[in-house]
Amino acid sequence: MAGLKAGAPTPQALTVHQKSRVLEVAFSDGAKFRIPFELLRVYSPSAEVQGHGPDQQVLQTGKRDVTLINLEPVGNYAVKPTFSDGHDSGLFSWDYLYELGQQQQALWARYIERLAAAGVERDAPMAPKAAGHACADH
């Protein structure tokens with residue numbers, strides 16, 4: 001099934017904590033992760049964030065206070081969050097949620113490094129999208 005590796009852990013519970021802005025996910029192997037909304041948003045698997053090929057990731061900024069407006073199930077393999085900034089095109093498979101939870105320290109470090117390399121502050125507003133960029137995924 002798409003989004004699930006054979007024998008991979010599956011979520012047993014998903015809890016949205018609005019006040020602390022984290023998604024708590026408990027998996028079938030006993031792992032439990034508290035994934036900040038900001039991390040979910042800056043690592044959204046959508047084409048809008050990931051781009052359409054290697055090295056085309058769009059650095060996300062100004063997402064510290066983003067919240068989850070909705071969390072919609074997609075089949076038995078993923079969820080589709082709607083964030084308070086309007087972003088809603090990322091499908092988070094169970095495998096990807098597990099990876100985000102398991103690797104969040106390294107992912108945070110990579111995000112901070114990318115911000116520094118770009119000379120951009122974490123809370124800076126997003127730069128306007130390039131004119132003429134057409135993407136069927138948006």
Side-chain angles (χ1 to χ4, degrees):
M1 179 179 293
L4 289 176
K5 295 176 187 151
T10 55
Q12 302 300 298
L14 290 155
T15 308
V16 175
H17 296 279
Q18 289 293 358
K19 190 172 182 180
S20 56
R21 290 194 300 274
V22 296
L23 175 65
E24 185 176 315
V25 188
F27 283 90
S28 56
D29 66 350
K32 185 185 271 190
F33 304 112
R34 292 177 56 87
I35 308 168
F37 296 164
E38 181 182 13
L39 185 76
L40 291 168
R41 179 60 182 85
V42 300
Y43 281 103
S44 172
S46 72
E48 180 182 340
V49 173
Q50 296 301 322
H52 294 284
D55 301 322
Q56 289 190 357
Q57 274 190 331
V58 178
L59 182 60
Q60 303 294 303
T61 58
K63 306 304 179 191
R64 184 190 308 255
D65 295 325
V66 75
T67 59
L68 273 180
I69 303 298
N70 191 31
L71 192 62
E72 179 182 340
V74 178
N76 291 320
Y77 65 93
V79 289
K80 177 183 168 188
T82 299
F83 294 93
S84 57
D85 66 354
H87 181 71
D88 67 353
S89 59
L91 293 183
F92 290 74
S93 69
W94 303 149
D95 294 342
Y96 191 58
L97 281 175
Y98 196 93
E99 179 183 323
L100 287 175
Q102 194 172 49
Q103 298 179 14
Q104 64 181 294
Q105 281 189 318
L107 291 170
W108 272 121
R110 187 177 321 147
Y111 177 56
I112 299 303
E113 288 170 8
R114 289 182 64 215
L115 289 168
V120 180
E121 294 292 323
R122 179 176 168 198
D123 293 320
M126 284 291 297
K129 290 181 185 174
H133 176 78
C135 175
D137 293 341
H138 296 202

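Residue numbers count from 1 along this sequence.
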Checklist outcome for this item: CG of Leu23 to CZ of Phe92, rounded to nearest 0.5 Å, is 9.0 Å

Checklist entry - Between Glu48 and Gly90, is there a donor-acceptor pair closer than 3.5 Å when you use the side chain of the first and the backbone of the second? => result no

Checklist entry - Are Val16 and Phe37 close enough, and set up right, to give a side chain to side chain contact (heavy atoms under 4.5 Å, CB included), and what steps lead you there? => result CA-CA 9 Å; Val16 175; Phe37 296 164; 3.7 Å; yes

Checklist entry - Would you say the side-chain atoms of Ser84 pair up with the backbone N or O of Thr67, donor to acceptor, closer than 3.5 Å? => result yes

Next on the checklist: Taking the side chain as everything from C-beta on, heavy atoms only, tell me whether Pro81 gets closer than 4.5 Å to Arg41.
Outcome noted: no

Next on the checklist: Is there a side chain to side chain contact (heavy atoms under 4.5 Å, CB included) between Tyr98 and Ser93? Walk through the geometry before answering.
Outcome noted: CA-CA 9 Å; Tyr98 196 93; Ser93 69; over 6 Å; no

Checklist entry - Shared ILVMFWY cluster between Ile69 and Ile35, side chains joined below 4.5 angstrom? => result no

Checklist outcome for this item: One should read off an interatomic distance between Leu97 CG and Phe33 CZ, to the nearest 0.5 angstrom, of 10.0 Å

Item to check | side chain to side chain contact (heavy atoms under 4.5 Å, CB included) evaluation trace for His17 with Arg34 | outcome: CA-CA 9 Å; His17 296 279; Arg34 292 177 56 87; 3.7 Å; yes

Next on the checklist: Does Thr10 form a side chain to side chain contact (heavy atoms under 4.5 Å, CB included) with Tyr77? I'd like the steps, not just the answer.
Outcome noted: CA-CA 8 Å; Thr10 55; Tyr77 65 93; over 6 Å; no

Checklist entry - Can you check whether Leu107's main-chain N or O pairs, donor with acceptor, with Tyr43's side chain at less than 3.5 Å? => result yes

Checklist entry - Are the side chain of Ser89 and the backbone of Ser46 linked by a donor-acceptor contact shorter than 3.5 Å? => result no

Next on the checklist: Using only atom types and a distance under 3.5 Å, with no angle test, would you say the side chain of Trp108 pairs donor to acceptor with the backbone of Leu39?
Outcome noted: no

Checklist entry - Once you round to the nearest 0.5 Å, how far does CZ of Phe83 lie from CG of Asn70? => result 11.0 Å

Item to check | Gap separating the CD atom of Gln103 from the CZ atom of Arg110, nearest 0.5 angstrom | outcome: 7.0 Å

Next on the checklist: Starting from Leu68, can I reach Trp94 by hopping between I/L/V/M/F/W/Y residues whose side chains sit under 4.5 Å apart?
Outcome noted: yes

Checklist entry - Is Val49 reachable from Leu91 through a run of I, L, V, M, F, W or Y residues, each pair having side-chain heavy atoms under 4.5 Å apart? => result no

Next on the checklist: Given 3.5 Å as the limit, does a donor-acceptor pair link the side chain of Tyr111 with the main chain of Gln60, or not?
Outcome noted: yes

Checklist entry - Would you say Thr82's side chain and Asp88's backbone share a donor-acceptor pair under 3.5 angstrom? => result no

Next on the checklist: If you count every heavy atom of other residues, nucleotides or ligands that lies below 6.0 Å from Glu121 atom CD, does the total exceed 12?
Outcome noted: no

Checklist entry - Can any side-chain N or O of Glu38 pair as donor or acceptor with the backbone N or O of Val66 at less than 3.5 Å? => result no

Checklist entry - Around atom CD of Gln105, are there more than 12 heavy atoms of other residues, nucleotides or ligands at under 6.0 Å? => result no

